Protein chains: 2
Amino acid sequence: MRATIRDVAREAGVHHTTVSRALNPATAQLVKGETAARIRAAAARLGYVPDALARGLKNNTSMTIGVVVPDLATPIMGQVVRGVEDVVMPRYVALVVNTDDDPERERLQLEVLATRKVDGLVVASARLHTPQIEALVDSGLPVVLANRRARGAGISSVTSDDAAGVAAAVEHLVALGHRRIAHISGPLDTSTGAARAAAFRTALTEHGIEPDDRLVRTAKAFRVGEGERAFAELVESGEQFTAVFAGNDLIAVGCYDAMRRRGISCPEHVSIVGFNDMPFVDKLWPPLTSVRVPHHEIGRQAAHMLLAQIDGRAEAGSTLLLPVSLQVRESTGPVERVAP
Amino acid sequence: MRATIRDVAREAGVHHTTVSRALNPATAQLVKGETAARIRAAAARLGYVPDALARGLKNNTSMTIGVVVPDLATPIMGQVVRGVEDVVMPRYVALVVNTDDDPERERLQLEVLATRKVDGLVVASARLHTPQIEALVDSGLPVVLANRRARGAGISSVTSDDAAGVAAAVEHLVALGHRRIAHISGPLDTSTGAARAAAFRTALTEHGIEPDDRLVRTAKAFRVGEGERAFAELVESGEQFTAVFAGNDLIAVGCYDAMRRRGISCPEHVSIVGFNDMPFVDKLWPPLTSVRVPHHEIGRQAAHMLLAQIDGRAEAGSTLLLPVSLQVRESTGPVERVAP
DNA sequence: ATGAAAGCGCTAACAC
DNA sequence: GTGTTAGCGCTTTCAT
């Protein structure tokens, strides 16, 4: 059995509440230095480790936060979670749960977190409409969305500046002479999917290009397979296009697969731009032009925002957009001029 | 304030211990069906959620397990953790901590987990010699190593069958005519680094090739930069070689970088084999030949083993080796015959 | 400066 | 079948 505060008290010859005072930095000055030293020595001798659960029961806090992600196995999510942990540890530990972007699974996982009485939540799996999360926010639980936003006001979020990223991507393609630019968006019920699709239309318009819905496809998920499927659809529709702006890098990789299968070469026939700049896309062939999103920093900032809410230093409802940067590589090139 | 068991008791007109019995599946049959129904209804009406912390305090369990990884932001670690969570949830939640392969940080993080009274530990960051972990095992805490092993007996582990993977890789290279095969190993204080390096010597010998230490370099970490550095060292040593067996895929990617910089082409001049088959190495140029390791399954099996120990269904000390398979791609090719 | 008493929410052992 | 009692390890009054 591990030592408790009472064991330490016996060892040091004091009352157990004195031990509590001596070992808690916030109340340590109430205890005479000499006594405190004796207590610390006794604690060390017994290998005493405070029990966070018992403390939490008394203080009505678990000193844990929940982190809700679509899938931890995904390359970017590990970075977000790592960013969160870097900030909250060791004061809080993170309980990470996966939703697979499935609302029912999300409901179950949030229930698990409720049972654990988390003191706050970082949610990276939000859909635009999330009654569950909103209910938690209304109940007073500190919540910060990371990497995604929700429609309702009053929910804090930290995301990349998607609109700026899309504008830079489109700008780049237009400068290379592209006019027939297709878009394979992510799911439209995610903020990343919807925001990038909307920004895409806006960016085209600003360059005097009429948005053409026949050049837009929607991936049902941010997955390679969906990118491949959507690209194939575009080709089979018979529409002409010289570039694809993909909703994220996985979709872009799906485009690569579809192109390879059909003997379409990149960027000679079709230029591709991705989004996220996830690890190793610079090592693909061709190296992928992509909008870099600072995922680790998104996690860090979301955690800071959450701590501020927990400590009452900030209200809910702020929105933080982190800057992005276009990484130009070899998957984008000038439009090949067909001989007239 | 959220509802407690006493609120439910008042609402249902029973004693709070009866509520406890009715709501706990293990004791529910002690309660009359009708009463139980009334209690469940009251609980639902009040939105009662049991408090896992309070339950744990009483039962002397936290219903959490610790997962110790080198770095969650790394592509393969997310998969391992995901595998663990898929098995233990929702009974246990996972507390994930990062060590950055730094022993001091590991010590701190283990202390955090001790404070949280985790019921078991999955450790994916083990070094060969890990007194800390051994002490925990000796203290009776269920521990399973995932992806890495330790030297001492008595610690359970789930890893890939590294020796078999190395043998397959060397076999493949020898079949292509390679004799001067270099190896850039991972850190030798990790089991993965050491086991693969040892298996490499063995495999060469079995093919009648005398191991040559001048063709072996050690990366200080499983990182791209270290792979690049070690490859450069090999080239500058002036030793001739036609293939490199890399300690893992990150090191292999480092080789790619070094080769590109020097205008050495793969596989024409030098063939490269990686280890792990992490996501998207099949999309690199050239697509990387690599030994596939089932990381998600390693996490799952480690979790199963841990639960078995926790439940007293198994002793500590088992070793599970999961099968690997060589994925042959385009980074390996026949030795170019120099004109005689 | 330290001790005593009470209680956080829950469950297990024991009555009745 | 249900109520009573006690206590998990800790912190926070309050008293001395």
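All chains are named by letter (A, B, ...) in the order of the sequence lines, taking the proteins before the strands, and each is independently numbered beginning at 1. If you're wondering where the values come from, they're calculated on a predicted model, not measured in any experiment.
At D:dG9, none of the side-chain N or O atoms of A:T4 fall inside 4.0 Å of OP1 or OP2 (strictly under the cut-off). Between D:dT11 and A:T17, no contact under 4.0 Å exists linking OP1 or OP2 to a side-chain N or O. Within the 4.0 Å cut-off from OP1 or OP2 of C:dT2, not a single side-chain nitrogen or oxygen of A:T18 is found.
Of all nucleotides listed (C:dG9, C:dA6, D:dG1), D:dG1 comes nearest to the side chain of B:K32. Proximity note for A:V14 (side chain, C-beta onward) versus C:dA12, C:dG3, C:dC8: the nearest is C:dG3.
Between B:R300 and B:E297, at least one side-chain N (NZ, or NE/NH1/NH2) sits under 4.0 Å from a carboxylate O, which counts as a salt bridge. Classification of B:K58 and B:D51 as a salt-bridged pair fails, no side-chain N sitting under 4.0 Å from a carboxylate O.
In this structure, the OH atom of B:Y48 is 10 Å from the P atom of C:dG9, given to the nearest Å. For A:L57 and D:dT12, the CG to P distance is 13 Å, given to the nearest whole Å. Residue A:D51 contributes atom CG, which lies 18 Å from atom P of D:dG7 at whole-angstrom precision. One can place CD1 of B:I5 at 8 Å from C1' of C:dT11, the figure rounded to the nearest angstrom.
Within 4.0 Å (heavy atoms only), B:T35 reaches sugar-phosphate atoms of the nucleic acid but no base atom.
In this model, no side-chain donor or acceptor of B:H15 finds a partner on the base of D:dT5 within 3.5 Å. Judged by distance alone, with hydrogens and angles left aside, B:R21 brings a side-chain donor or acceptor within reach of the base of D:dG3, the pair sitting under 3.5 Å.
Counted by atom type alone, A:D119 and A:T61 present one or more donor-acceptor pairs between their side chains at under 3.5 Å. There is a side-chain donor-acceptor pair under 3.5 Å between B:N98 and A:E85.
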